[in-house]
Amino acid sequence: MSTASMNDAQGNSPRYASSPTVSMTVITLVLGMLLPAVVSILMLMASTQSRISEEENMMRAGLVEGMGLQVDEVVDALAQSLEVIAANGGADADDATRWTRLLQASRAFGKQFLEFHVANPNGDVISSSASLPEGINVADRGYFSTSLATEGMVASEGLVSRHTGQIALYFALAVRSDEEAHSGVVFAGFNGEVFGDMLRKAGPRSDGLTVFVLDRNGDSVYEHLPSGGRHPVHIPPADLRDCADGRRAWLEFGGTRHAVSVMAKRLATGEAPYLYLLVSTPDESFFSLSTLRGVTPLLLGTLCVALAALAAANRRIVHPLESLTRKVQAIEAGQPLPETAIESVREIGGLQTAVTRMAQAISQREQELAWFATHDDLTGLANRKALHEMLAARLDRLEEGASETVAVIFIDIDRFKAINDSMGHTWGDNVIAAFAARLGAFMHPLHAFCARVGGDEFVVVPDASATHNVVRDTRALLAHLGTPYDINGREVRLSASAGVLFVGDPGESPDVIIRNANAAMHRSKERGFGRISIFRPLHLDSYMLRLDIERELPLAAATGQLHMVYQPIVNASDGSLHSFEALMRWNHPRHGSLSPATF
């Protein structure tokens with residue numbers, strides 16, 4: 001028996017009694033509550049979309065910035081290679097052996113470069129780092145003629161390589177002999193595989209994002225699509241420049257409107273861009289015109305159904321709608337949903353259930369986006385962005401006069417590259433995850449902030465109350481991290497090196513603080529694995545020297561900077577010459593004579 005029937009049998013009126021007729025007052029009251037509820041839902045969906053779009057904007061901008069840094073690094077290295085080749089080959093342009101040695105050395109500088117070539121003033125390729133068929137002439141390539149008329153390096157549009165058949169960007173530099181006459185052009189290119197590698201190293205997650213690299217004409221030379229495959233596009237350069245300069249935040253291509261972040265890359269200030277980096281997401285704004293056209297009939301239909309239901313149910317709709325309004329207001333205010341029983345007609349009860357589920361789904365998605373924006377998805381630790389925000393807050397407190405010490409510990413796994421190379425990246429990820437879990441478990445009781453800032457690099461910032469024992473705690477941490485791990489049933493032993501920095505100047509930026517702690521960590525590795533070093537300014541000089549040496553060593557042999565010196569070995573008994581010891585020296589253009597112990 002229904003609730004209403006039981007109440008009638010007992011002589012009581014039901015909880016939601018229906019009157020024979022529907023008065024205008026009740027209709028007005030219900031409409032007055034229904035319309036604000038619908039408007040509240042629309043406003044809530046709009047504000048939620050705005051918050052989600054803000055998170056997506058941060059992810060797009062972070063990915064574009066990360067790829068931009070990778071492009072600058074590659075192009076700077078390529079420019080350096082071309083300048084060295086031109087400078088060392090121009091004096092003797094007919095020496096094919098010298099050209100070949102220089103090109104092979106430059107090819108070894110980085111596998112990201114597709115090919116290095118030298119052409120004479122007529123455009124005939126006379127030397128190459130790749131095996132090219134004979135008779136290739138590049139006089140019809142725009143970058144060839146432009147480089148002969150230009151001081152400095154020039155860049156091409158996207159071109160199909162006549163050697164590999166792949167789309168590549170070419171960079172060219174004119175070679176001049178001692179008489180300042182043109183003796184040819186040295187040029188090199190790299191293909192789309194480079195941008196794929198840049199995308200993997202750029203930092204933020206690229207899941208669900210579309211990435212295009214476009215040349216100066218707006219034609220795509222590389223695409224990364226969520227669905228995979230290739231889908232070349234053309235976007236007018238004027239539109240790309242507007243987006244890069246902040247005058248626009250969306251573009252329409254492929255028949256769809258996209259929210260975009262664009263960065264323009266130039267070889268020199270004032271020049272036109274030679275490359276555009278574009279990261280996009282589909283514009284799924286709730287208030288787009290197509291969405292409103294689809295939603296309007298639904299809203300009108302819902303309103304008609306509600307009016308028709310009023311004539312039959314009357315007060316059985318009023319109370320549930322009041323409950324629904326309270327739920328929508330709670331969602332809009334970000335408050336927990338009120339616990340209410342669903343005692344209504346079936347349609348309104350279903351609407352209440354749908355609103356509840358919608359609120360839960362929105363809350364869950366916001367939490368996931370917020371988590372991924374500040375955490376590393378492999379280890380669950382904080383990421384570099386969260387580390388910067390935390391350090392900035394601690395430094396602000398120092399500048400306001402807080403009496404606390406800020407210490408930063410930079411930790412790096414020793415010989416991790418050998419693990420990755422021998423066991424594979426998947427196995428290496430398992431090692432990183434196990435290492436991070438042990439690091440977090442050890443530091444959690446000390447209320448320390450732990451972050452992963454690179455492949456096998458971690459930063460720990462102890463709580464202000466625990467900085468007096470930082471060195472002792474770091475030694476204990478390294479010892480704990482050095483105990484055996486069980487990775488997929490296999491015992492693995494690791495060691496780690498650490499650099500400790502005590503912040504002395506609260507005006508320093510988080511980037512500088514992390515860099516200096518990293519320099520102290522590298523000083524530990526120079527002294528042997530599993531050690532700790534406290535940062536000193538001289539550590540930074542040593543760290544920057546090491547970076548210079550690693551970058552410039554591949555070209556040292558080709559440019560004649562390495563040479564041998566001989567040290568006599570004398571018989572101590574009679575003073576006679578016994579033999580010579582051969583020693584390698586590097587005559588570095590900036591750092592002077594360097595011994596093998598340095599490089």
> For Glu400, is there an ion pair with Arg397 - N to carboxylate O distance below 4.0 angstrom?
no

> How long is the straight-line distance from CD1 of Ile432 back to CG of Leu494, given to the nearest 0.5 Å?
8.5 Å

> Can you tell me if Arg216 uses its side chain to pair, donor with acceptor, with the backbone of Ala155 under 3.5 Å?
yes

> Rounded to the nearest 0.5 Å, what separation is found between the OG1 atom of Thr374 and the CG atom of Leu381?
11.5 Å

> Is the shortest distance from a Lys or Arg side-chain nitrogen in Asp456 or Lys417 to a carboxylate oxygen in the other one below 4.0 Å?
no

> Evaluate Leu225 against Phe212 for side-chain contact (heavy atoms from CB on, under 4.5 Å), listing each step before the verdict.
CA-CA 9 Å; Leu225 308 176; Phe212 289 104; 4.0 Å; yes

> Are side-chain heavy atoms of His388 and Ile514 found at a separation under 4.5 Å?
yes

> Distance-only, no hydrogens or angles: does the Thr483 side chain make a donor-acceptor pair with backbone N or O of Ala479 under 3.5 Å?
no

> Which heavy atom of Ala407 sits nearest to which heavy atom of Val461, and what is that distance?
O-CG1, 3.5 Å

> To check you understand the geometry: which heavy-atom pair defines the closest contact between Val460 and Ala448, and what is its length?
CG1-CB, 3.9 Å

> Taking all heavy atoms of Ala498 and all of Leu478, pick out the closest pair and write down the distance.
CB-CD1, 4.1 Å

> Under a 4.5 Å cut-off applied to non-hydrogen side-chain atoms, are Ile413 and Leu481 in contact?
no

> Would you confirm whether Asp377, through its side chain, and Gly380, through its main-chain N or O, come within 3.5 Å as a donor-acceptor pair?
no

> Would you find a donor on one side and an acceptor on the other, under 3.5 Å apart, between the side chain of Asp429 and the backbone of Leu378?
no

> List in chain and number order the residues that pass salt bridge (Lys or Arg N to Asp or Glu O under 4.0 Å) with Arg247, two or more places apart in sequence or in another chain; answer none if no residue qualifies.
Asp242, Asp245

> Looking only at heavy atoms, which two atoms of Leu173 and Gly152 are closest? And how far apart?
CD1-C, 3.4 Å

> Indicate yes or no: at least one non-hydrogen side-chain atom of Asp215 is less than 4.5 angstrom from one of Ile167.
no

> Is the shortest heavy-atom distance from the side chain of Trp427 to the side chain of Val492 under 4.5 Å?
yes

> Hey, could you give me the OG/CG distance between Ser156 and Leu169, rounded to the nearest 0.5 Å?
5.5 Å

> Work out which heavy atom in Pro484 is nearest to a heavy atom in Arg438; give both atom names and the distance.
O-NH2, 3.1 Å

> Enter the distance from Ile411:CD1 to Arg452:CZ here, rounded to the nearest 0.5 Å.
14.0 Å

> Rounded to the nearest 0.5 Å, how far apart are NE2 of His224 and CG of Leu63?
8.0 Å

> Using the side-chain contact (heavy atoms from CB on, under 4.5 Å) rule, take Val459 and Val408 through it: C-alpha gap first, then chi angles, then the decisive distance, then the call.
CA-CA 7 Å; Val459 171; Val408 177; 3.7 Å; yes

> Okay, side chain of Arg266, backbone of Glu271: is any donor-acceptor separation there less than 3.5 Å?
yes

> About how many Å separate CE of Met423 and CD1 of Ile487, when rounded to the nearest 0.5 Å?
10.5 Å

> Can you name the nearest heavy-atom pair linking Cys243 to Trp250, along with the distance?
SG-O, 4.1 Å

> Does Val75 form a side-chain contact (heavy atoms from CB on, under 4.5 Å) with Phe171? I'd like the steps, not just the answer.
CA-CA 9 Å; Val75 173; Phe171 295 80; 4.1 Å; yes

> Going through the distances and angles, do Leu477 and Ile409 end up as a side-chain contact (heavy atoms from CB on, under 4.5 Å)?
CA-CA 11 Å; Leu477 172 62; Ile409 307 168; 5.6 Å; no

> Is there side-chain contact between Val470 and Thr405, with heavy atoms separated by less than 4.5 Å?
no

> Phe435 and Phe416: aromatic ring centres closer than 6.0 Å?
no

> Is there a donor-acceptor contact under 3.5 Å from the side chain of Arg531 to the main chain of Ser524?
no

> Could you go through the side-chain hydrogen bond (donor to acceptor under 3.5 Å, both in side chains) check for Asp412 and Ser497 one step at a time?
CA-CA 6 Å; Asp412 183 87; Ser497 300; over 6 Å; no

> Side-chain contact test, heavy atoms from C-beta onward, threshold under 4.5 Å: evaluate it for Val211 versus Met67 and give yes or no.
yes

> What I'd like to find out is whether the side chain of Arg241 reaches to under 4.5 Å of the side chain of Tyr276, using heavy atoms alone.
yes

> For the residue pair His444 and His447, categorise the inter-ring angle as parallel (less than 30°), tilted (30 to 60°) or perpendicular (more than 60°).
tilted

> Arg515 versus Asp511: any side-chain heavy-atom pair under 4.5 Å?
no

